[in-house]
Amino acid sequence: MITFSDKQLKSPKMQRPVYLVTGGMSKFARAFPDKRTEELVIDAMTEAAEFINMTPAQLKKYIHTCYYGHFADHFGDQLLGESVIHDRLGLDPLGNIGVKTGGATGGSTLWEAYKTVASGYSDCTLAMGWERMDEVPTDEGNNYISFAADKDWETPMGHIYTGYYAVMAQKYWQVFGKEEDSFRRTMAEIAVKNRGYARFNPHAQGPMKITVEDVLNSPTVAYPLLALDCCLMSVGAACGILADEKTAYEMTDNPLRIDIGAGSHTLRVADRRNMEIPLLPNETKDQYADLAQRFPGSDRYPGFTGFLAARVAAHYAYNMTGIKDPTEDMDLVELHDAFTISDIQTYEDIGIRPYGEGRTYVESGDCYHTNPNTGQPGKLPANLSGGLLGNMHSVGATGIMQVLEIGHHIWDRWAEMHGDEKKWAKFDRQKPEDWTDLQVKGAKRGLAISHAGVGSHVTCTILQHPDKILPGGMFE
Amino acid sequence: MSCGCEENRGTVKVVNGRYKPSGKFHFPQPNTPIRNEQGVLLGITNPRDIVHMHSYGGEAIFFESLGKGKLMASRCDNSDCETTGSIYMPFRIHCPDCLAKNTVIDITDKAKANSIVHSFMITERTGAFNTLQIPIKFVNIEFDGVCTILMGALVRGEPSIGMKVIPIFKTQNPEYIITDMLWVAEGTPASDLPEGYSF
């Protein structure tokens with residue numbers, strides 16, 4: 001049993017509020033043989049400038065420090081790739097630094113930019129993320145990704161990262177899913193939902209109109225995970241601009257409050273030791289007293305069924321912002337659906353559902369834009385961007401994309417950013433005839449989870465409309 | 001065109017505390033253009049052959065022992081540590097709590113007597129440079145009294161949660177990597193083990 005001290009679990013107290021001013025994204029695709037990374041990054045930066053009616057040159061005048069996230073130097077075959085991008089963006093001689101935390105790189109890049117503004121070092125920061133995953137054959141790409149596992153103890157066994165998730169899927173399915181076909185169908189429903197929402201996103205790489213049966217009939221990648229349970233491998237860029245209150249309101253009339261917590265856990269799932277379940281504000285110790293009786297095999301925490309890093313990131317973020325219950329306090333979420341199983345695991349880790357009951361978030365229809373069971377708005381829509389399954393997983397950009405997608409709803413500009421015919425044409429993509437406006441009406445708060453490895457790093461980002469800040473946070 | 005990779009491939013020794021490579025490590029190959037259907041140049045291939053010289057450090061005893069048919073774990077024996085007595089497999093050089101150097105212990109008999117599958121998966125897809133036979137079956141293994149769960153590859157038998165498995169070791173021509181230890185279902189006869197492996 002391992003324990004944590006009060007000092008380690010202390011709620012962060014930042015020096016001043018931080019705002020998301022704007023952000024932008026490139027097109028996302030499996031490959032860009034005709035574009036260098038700097039072109040994609042400039043596409044993202046240009047969109048960010050245009051979003052607040054600035055030119056890129058005007059926007060750059062505000063930036064004081066730059067954070068660059070890309071997970072794998074070896075994919076781009078360029079060390080100090082951050083320096084290349086910084087130069088091409090014409091941002092010398094500003095201080096800049098690279099951030100690498102695997103799949104959570106985007107979220108971690110924002111985390112660093114956030115702390116820099118909160119501390120007072122900078123009034124305005126750039127968080128730019130990208131990944132260049134197309135410049136090696138797919139099997140070599142899988143080999144590279146497998147080096148994000150332990151290179152001595154795990155990588156030599158197949159050089160296939162999906163396998164490390166599949167063992168968690170197997171355990172979760174048998175313990176919390178009770179080996180029921182209905183649970184397997186619920187996993188598949190996530191793949192259907194997110195790929196379906198991607199159809200309405202011009203940036204998205206993997207839109208698909210599919211059924212649960214299509215998912216269940218897709219080829220096995222690593223049993224029990226099937227091809228359509230697994231996220232995309234993508235190329236693209238995304239950026240966010242963060243600022244203090246005074247600077248933010250100089251740049252735009254509509255900045256959003258942003259706060260970020262982060263957590264971690266062992267790189268190898270093998271190294272997870274037992275501990276008591278750390279509780280979130282909407283949980284009690286008693287509710288888990290009989291967990292092992294209700295779900296035989298769940299006696300280890302976090303075992304292979306939960307992500308401690310996600311729980312700890314949520315713990316910090318909820319305390320920083322006054323969140324008591326994410327389902328009640330948030331209007332929508334973007335979760336790290338690298339695999340359908342990790343999506344379900346995360347519902348529990350961040351308190352959307354108690355441990356063991358994640359499936360009910362899907363089965364209730366709460367996670368949909370429009371609840372298929374009632375025809376009414378979903379209680380807490382998830383991954384309306386299409387997520388990593390349908391939109392993209394351009395690793396360094398992913399966590400930033402998620403936050404921007406939440407922002408578009410709170411800014412009430414989702415339809416503008418996703419429905420514009422010119423954008424569909426620019427990306428050489430066909431806007432579907434049944435394109436649907438997924439704007440969450442009246443959205444004021446949202447949450448994004450950026451996640452690495454088998455849970456080695458997780459960030460939890462909370463966006464709030466300045467007029468609807470929750471009570472009980474750091475500054476309230 | 002042969003890259004000549006087979007000739008005099010490099011090896012490394014440590015002499016006076018420094019790496020001493022000998023033989024040939026680099027086999028240059030020409031770059032080739034990447035063009036689209038219209039023949040327009042879009043990029044170029046960058047082939048290369050790179051060898052890393054990687055230290056096992058304090059884990060070396062674990063990898064050395066596999067080829068001798070032994071499974072070495074480590075244990076915190078610091079009486080002041082709040083988790084003293086914890087046994088680690090995967091092997092940890094230092095205790096993650098007190099950071100004292102762990103004691104190396106032999107858990108071969110324990111592993112042969114009672115290794116249970118905690119979870120598993122089966123895949124026919126691999127990344128580049130895979131050396132395991134397809135399909136690959138990962139098994140995550142619980143040992144009595146060990147606080148962590150090792151991942152390994154099952155090469156005989158069909159995996160299931162709760163099944164009993166036995167370690168086998170590449171005692172002939174070991175490669176000093178984790179796959180020098182594989183796993184088989186309990187009851188697998190010695191005659192059915194992969195070449196070079198023994199109980």
Side-chain angles (χ1 to χ4, degrees), chain A residues 1-3 32-36 77 135-147 149-175 219-225 227 266 268-274 297 300 303-305, chain B residues 34-36 40 42-43 45-46 48 50 52 54 56 59 62-63 82-83 86 88-92 96-97 117-132 134-142 146-153 159-162 175-180 182:
Chain A
M1 186 72 72
I2 59 173
T3 57
F32 285 97
D34 57 346
K35 283 202 170 195
R36 290 179 69 97
D77 200 19
E135 296 199 330
V136 292
T138 298
D139 65 338
E140 287 186 29
N142 280 326
N143 175 56
Y144 276 158
I145 292 169
S146 78
F147 276 87
D150 187 298
K151 69 172 259 176
D152 291 327
W153 290 77
E154 296 172 318
T155 306
M157 285 186 284
H159 301 243
I160 182 79
Y161 210 90
T162 309
Y164 315 137
Y165 268 91
V167 298
M168 290 191 286
Q170 183 70 250
K171 192 69 180 180
Y172 190 103
W173 178 45
Q174 296 212 15
V175 173
T220 301
V221 174
Y223 175 80
L225 293 177
T266 58
R268 295 181 297 220
V269 71
D271 291 314
R272 295 176 176 184
R273 292 181 289 162
N274 281 359
R300 282 178 178 261
F304 279 35
T305 52
Chain B
I34 300 172
R35 298 181 183 279
N36 68 8
V40 175
L42 295 178
T45 65
N46 296 140
R48 96 192 49 141
I50 291 174
H52 285 260
H54 173 52
Y56 277 144
E59 289 185 8
F62 168 82
F63 291 100
E82 62 187 31
T83 58
S86 293
Y88 296 96
M89 175 48 55
F91 187 103
R92 296 183 80 106
D97 294 323
V117 172
H118 180 77
S119 191
F120 69 94
M121 74 96 209
I122 304 169
T123 184
E124 298 200 358
R125 297 192 186 192
T126 70
F129 310 113
N130 169 55
T131 57
L132 293 176
I134 307 294
I136 295 170
K137 300 164 187 172
F138 286 177
V139 283
N140 308 89
I141 303 149
E142 299 176 23
V146 174
C147 66
T148 50
I149 298 176
L150 177 71
M151 187 165 74
S160 63
I161 290 178
E175 296 177 53
Y176 309 102
I177 60 174
I178 189 68
T179 51
D180 279 354
L182 299 172

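In the text below, chain A, chain B and the rest are named by the order of the sequence lines, each starting its count at 1.
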Undergrad: Hey, does A:Val269 have a side-chain heavy atom less than 4.5 Å from the side chain of B:Met151?
TA: no
Undergrad: Examine whether an atom of B:Ile136 lies under 4.5 Å from a heavy atom of chain A, and if so say whether it belongs to the side chain, the backbone or both; otherwise answer neither.
TA: side chain
Undergrad: Just so I understand: if I count every heavy-atom pair under 4.5 Å between each of B:Pro90, B:Pro96, B:Cys147, B:Gly43 and chain A, which residue has the most?
TA: B:Pro90
Undergrad: Check whether A:Tyr164 gets within reach of chain B through its side chain, its backbone, both or neither, counting any heavy atom under 4.5 Å.
TA: both
Undergrad: Nearest 0.5 angstrom please: A:His159 NE2 to B:Thr126 OG1, how far?
TA: 8.0 Å
Undergrad: To the closest 0.5 Å, what do you measure between OG1 (A:Thr155) and CG (B:Asn130)?
TA: 11.5 Å
Undergrad: Determine the option with the most heavy-atom pairs under 4.5 angstrom with chain B, choosing from A:Pro219, A:Ala166, A:Gly297.
TA: A:Ala166
Undergrad: Under 4.5 Å heavy-atom distance to chain B, tell me which part of A:Asp150 shows up: side chain, backbone, both or neither.
TA: neither
Undergrad: What residue in A:Glu154, A:Met168, A:Lys151 has the most heavy-atom pairs under 4.5 Å with chain B?
TA: A:Lys151
Undergrad: I'd like to know if the side chain of B:Ser119 reaches the main chain of A:Gln170, judged simply by a donor and an acceptor atom lying under 3.5 Å from each other, with no hydrogens or angles considered.
TA: no
Undergrad: Can you tell which part of B:Asn46 gets under 4.5 Å to a heavy atom of chain A, answering side chain, backbone, both or neither?
TA: side chain
Undergrad: Hey, is A:Asp139 close enough to B:Arg125 for a salt bridge, meaning N to O under 4.0 Å?
TA: no
Undergrad: Side chain, backbone, both or neither: which part of A:Arg268 has an atom under 4.5 Å from a heavy atom of chain B?
TA: side chain
Undergrad: Taking B:Thr123, B:Val40, B:Asn36, B:Thr45 one by one, which has the highest count of heavy-atom pairs under 4.5 Å against chain A?
TA: B:Thr123
Undergrad: If you define the side chain from C-beta out and look only at heavy atoms, does anything of A:Arg300 sit under 4.5 Å from B:Ile149?
TA: yes
Undergrad: Could you tell me if the side chain of A:Met157 sits less than 4.5 Å from the side chain of B:Ile177, heavy atoms only?
TA: no
Undergrad: Evaluate side-chain contact (heavy atoms from CB on, under 4.5 Å) for B:Arg92 paired with A:Asp271, printing each intermediate quantity in order.
TA: CA-CA 9 Å; B:Arg92 296 183 80 106; A:Asp271 291 314; 3.6 Å; yes
Undergrad: So B:Tyr56 and A:Asp152, do their side chains get closer than 4.5 Å, heavy atoms only?
TA: yes
Undergrad: Which bit of B:Phe91 comes within less than 4.5 Å of chain A, counting heavy atoms only: side chain, backbone, both or neither?
TA: both
Undergrad: Among B:Leu42, B:Ile178, B:Thr179, which has the most heavy-atom pairs under 4.5 Å with chain A?
TA: B:Ile178
Undergrad: Flag the pair A:Arg273 / B:Tyr88 as yes when at least one side-chain heavy-atom distance between them is below 4.5 Å, and no otherwise.
TA: yes
Undergrad: Where does B:Arg35 contact chain A at under 4.5 Å (heavy atoms): side chain, backbone, both or neither?
TA: neither
Undergrad: Looking at every non-hydrogen atom in both residues, tell me the closest pair between A:Gln174 and B:Phe120 and how far apart they are.
TA: NE2-CE2, 3.9 Å
Undergrad: Between B:Ile161, B:Ile141, B:Leu150, B:Val139, who has the most heavy-atom pairs with chain A when the cutoff is under 4.5 Å?
TA: B:Ile161
Undergrad: To check you understand the geometry: which heavy-atom pair defines the closest contact between A:Trp153 and B:Met89, and what is its length?
TA: CZ3-SD, 3.9 Å
Undergrad: Heavy-atom distances under 4.5 Å only: say whether A:Lys35 touches chain B with side chain, backbone, both or neither.
TA: neither
Undergrad: Below 4.5 Å from any heavy atom of chain A, which atoms of B:Leu132 appear? Answer side chain, backbone, both or neither.
TA: side chain
Undergrad: Against chain B, work out which of A:Thr138, A:Thr220, A:Val221, A:Thr162 has the most heavy-atom pairs shorter than 4.5 Å and name it.
TA: A:Val221
Undergrad: What part of B:His54 is in contact with chain A, defined as an atom under 4.5 angstrom from a non-hydrogen atom: side chain, backbone, both or neither?
TA: side chain
